A.B. asks: 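Sharing a structure, written as C-alpha cells. Questions coming.
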Number of protein chains: 2
Amino acid sequence: MAKNYSSEISNPLSSNHEDYLKAIYILETRGEQVTNSVLSEYIGYTPASATNMVKKLAQMDLVIYRPHQAVALTPTGRRVALEILRHHRLLELFLHKTLDIPWDSVHEEAERLEHVISEALEDAIAASLGYPKVDPHGDPIPSKNGEVSHTPGHPLSQSEAGRTYRLVRVLSQEKERLAYLGELGLHLNAEVHLREQAPFDGPMLVEVAGEEHALAADMAALLQVVPASAE
Amino acid sequence: MAKNYSSEISNPLSSNHEDYLKAIYILETRGEQVTNSVLSEYIGYTPASATNMVKKLAQMDLVIYRPHQAVALTPTGRRVALEILRHHRLLELFLHKTLDIPWDSVHEEAERLEHVISEALEDAIAASLGYPKVDPHGDPIPSKNGEVSHTPGHPLSQSEAGRTYRLVRVLSQEKERLAYLGELGLHLNAEVHLREQAPFDGPMLVEVAGEEHALAADMAALLQVVPASAE
DNA sequence: AATAGTTTTTAGCCATGGCTAAATTGTATC
DNA sequence: GATACAATTTAGCCATGGCTAAAAACTATT
C-alpha cells in the first residue's frame, strides 16, 4: 500500500477517499458548487454517506467543510486529487496505446488501477509514453507537481458551417457514446468537416473520413474542436 | 468490479478473499498441510482472523473446512486462486519486459494490480507478451483454463561441481534477495558454472558472466537450474 | 487415562463506511 | 414573519473483517 501523498498525510487513504477527492475536484473544475447533493449524486452514494465521508476528509485536512455549504478542496486535497487524476489519465493512454484497449473501455479499467499503482510505476508509464500531455479523450494529464495544462478548442456545436476542424477533446467517458463516436471515425485528432447546422439546435451534418453523418446537437456539444491545421 | 470467476460464484470476492485463496493454493502446492497456523502466519493475520475468513470461504464453496483440519481448495476455489496467480505472474512479466521494472520490484506491484485487472486486460497483456509460460522468476503462468506447466530443473545446491547450468527459476520473491542475485548476474536464463561446493553444506563457488562469487548454500537451494544447452 | 502443552475456535470488541429514517436547517413564497 | 418545500445532517442500523482474550479441542507424554 506504499503511497506517497507526501509529508502532510499520515494514514493511507482508501480508494474511496480518493474517489471522493477526485469527484470533488472534477465538480469544482466544472464550475459547479459542490453541494452535498451534487457530490452524492455524482459519486453514486446517498447524501448521508457523502456528508459522512466529507466530514472525515475535513478531519484529515483534505477538504474544507462547513455545514450546509459547498465543499472545497484544500491544497493538500487538491494535490491528492490531481495525483489520482494523473494516474487515471496516464493509465488510459497507456492502456490505449500500449495494449490497444479501445478508447471506450479504458476509463473503467483505469478507474480501478489508478488507486493501486506506485509512484515508480507511474513514472515508468509516463516515461514509456514520452511524458504525454493528454489522454485518449483529450483530457489533460496533470503534471507530477500538479499543473494542469489548459486545453484549447470550442464545441463543434458552436462552430462555423463549411469549415474543417480537428477533434481535440471529448467531454464524456460514457462507453456507449464513445463507441458510437469511434464508429463514426471521430477519434482524437480526427478531421471533421462541418457541412451544416440545422437551426433551433437541430442535428449537424458532418463529414468524417469521407463519410457523411448526422450528429445530434447535444453530442456535438461534447466535441471540442480547433480549426484544422490544413485550413 | 466486473470479475468473472464464472458461473458458480454469486457475489464478487474482495482482494482479501483472493489473497487467502492464493495463499492456500501456494501452501498446498508446497506440499504443506494448510493448517490454521501455517495459513495465518503466511498471510500475516492472526489465527483467529484466518479461521474467520476460512469459514466464510467455506460458505462460498471455495474451500473445504472441517474444524481442526487442514483447509483444502474446492475445484472452484482452485480456479479462482489460479486466475489470480495468472494475473500476478502475467503482470510481473509485463511490468518487467514492457516497463523495465526491475525483477525485484515486480512482485509487490503485481500484488496489488492482480486484484483489479479485467479479463479483457488480462487477455491483452497475455497477447502482447506472446502468451508466455513463465514470469521473470521462472514461476509458471497458469493458463486461462487453469493448467500449470511443470517447471523443470533442480536446485543448484544439489548439482555437480565442474558443470555449467542455466538458471530457470528462483524460489523467492524477497526484494533484497532478488536484488542481490541480480547484482551477481543471476537473472533468469543466466549461465552459472559451478566451480566447487564446500562440504557440510558450505558455500558454493560459482562463476557467472566471467565473475566468480561465493554463494551461501541456502541461497543456492533456491536456484533451480538445468544443464546448460552448450554442454 | 490423566495431564500438560499446543493449536484452534469462539466470543465479543472495534473501526470503517455503506444504509434508512427522522430531525434539522436553509430557502423561497405568500 | 409564517409556512411550505428542499437540502442537509444526525442518529442509529448493518455487514465486513481485522483484533484480543478465553474456551475448547486436539496431541503427546507419562
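Within every chain, numbering begins at 1; the chains are lettered A, B, ... in the order of the sequence lines, protein sequences first and strands thereafter. What you see is a predicted model, and the numbers here were worked out from it, not measured in a lab.
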A.B. asks: OP1 or OP2 of dG18(D) versus the side-chain N and O atoms of Y20(B): is any pair under 4.0 Å?
C.D. replies: yes
A.B. asks: Whole angstrom is fine here: how far is it from CD in Q59(B) over to C1' in dA15(D)?
C.D. replies: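 Spelled out: CD on Q59(B) to C1' on dA15(D) is 13 Å.
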A.B. asks: Checking all strands, does S37(B) fall into the base, sugar-phosphate, or nothing category for heavy-atom contacts under 4.0 angstrom?
C.D. replies: sugar-phosphate
A.B. asks: Do the charged groups of K22(B) and E111(B) touch, with an N to O distance under 4.0 Å?
C.D. replies: yes
A.B. asks: Among dT9(C), dC19(C), dG17(D), find the nucleotide with the atom closest to the side chain of T46(A).
C.D. replies: dC19(C)
A.B. asks: Where the side chain of H17(B) is concerned, which of dA11(D), dG17(D), dT10(C) is the nearest nucleotide?
C.D. replies: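 Shortest atom-to-atom distance from the side chain points to dG17(D).
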A.B. asks: Could you tell me the separation between the CD atom of Q69(B) and the C1' atom of dT27(D), rounded to a whole number of Å?
C.D. replies: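 Computing the Q69(B):CD to dT27(D):C1' distance gives 14 Å.
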A.B. asks: Name the residue closer to the 5' end of DNA chain C, choosing between A50(A) and P67(B) according to the nucleotide with the nearest heavy atom.
C.D. replies: P67(B)
A.B. asks: Between S37(B) and S40(B), is there a side-chain donor-acceptor contact under 3.5 Å, judged purely by atom types and distance?
C.D. replies: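 The answer is no; no qualifying pair exists.
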A.B. asks: Whole angstroms only, please: what is the CE-C1' distance between M53(B) and dT10(C)?
C.D. replies: 18 Å
A.B. asks: Could you state the atom-to-atom distance from CD of E18(A) to C1' of dG17(C) in whole Å?
C.D. replies: 16 Å
A.B. asks: Given dT9(C), dG17(D), dC19(D), which nucleotide is nearest the side-chain atoms of Y65(B)?
C.D. replies: dT9(C)
A.B. asks: Determine: side-chain N/O of N36(B) to OP1/OP2 of dT9(C), distance under 4.0 Å, yes or no.
C.D. replies: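 Yes, N36(B) has a side-chain N/O under 4.0 Å of OP1/OP2 on dT9(C).
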A.B. asks: Taking CD from Q33(B) and C1' from dC26(D), how many angstroms apart are they, rounded to a whole number?
C.D. replies: 15 Å
A.B. asks: May I ask you to verify if any side-chain N or O of T51(A) is less than 4.0 angstrom from the OP1 or OP2 atom of dT8(D)?
C.D. replies: no
A.B. asks: Atom CG of N52(B) and atom C1' of dT20(D): how far apart are they, to the nearest Å?
C.D. replies: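 After rounding, the reported distance stands at 13 Å.
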A.B. asks: So, is K55(A) close to the dG17(C) phosphate, meaning a side-chain N or O under 4.0 Å from OP1 or OP2?
C.D. replies: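 Looking at the OP1 and OP2 atoms of dG17(C), neither is under 4.0 Å from any side-chain N or O of K55(A).
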A.B. asks: Answer yes when E114(B) and R89(B) have at least one side-chain N-carboxylate O distance shorter than 4.0 Å, and no when they do not.
C.D. replies: no
A.B. asks: Can you tell me if S14(B) touches the phosphate of dG17(D), counting only side-chain N or O atoms and a distance under 4.0 Å to OP1 or OP2?
C.D. replies: yes
A.B. asks: Closest to the H68(B) side chain: dT9(D), dA25(D), dC19(C)?
C.D. replies: dA25(D)
A.B. asks: Do Q173(A) and D104(A) have a side chain donor and acceptor closer than 3.5 Å?
C.D. replies: no
A.B. asks: If I take atom OH in residue Y45(A) and atom P in nucleotide dT9(D), what distance separates them, rounded to the nearest angstrom?
C.D. replies: 19 Å
A.B. asks: Choose from dG18(D), dT8(C), dT16(C) the nucleotide whose nearest atom is closest to any side-chain atom of T35(B).
C.D. replies: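 Among dG18(D), dT8(C), dT16(C), the one nearest the side chain of T35(B) is dT8(C).
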A.B. asks: Are S143(A) and N145(A) close enough that a side-chain donor and a side-chain acceptor fall under 3.5 Å?
C.D. replies: yes
A.B. asks: To the nearest angstrom, how far is L39(B) atom CG from dT9(C) atom P?
C.D. replies: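 For the pair L39(B) CG and dT9(C) P, the rounded distance is 11 Å.
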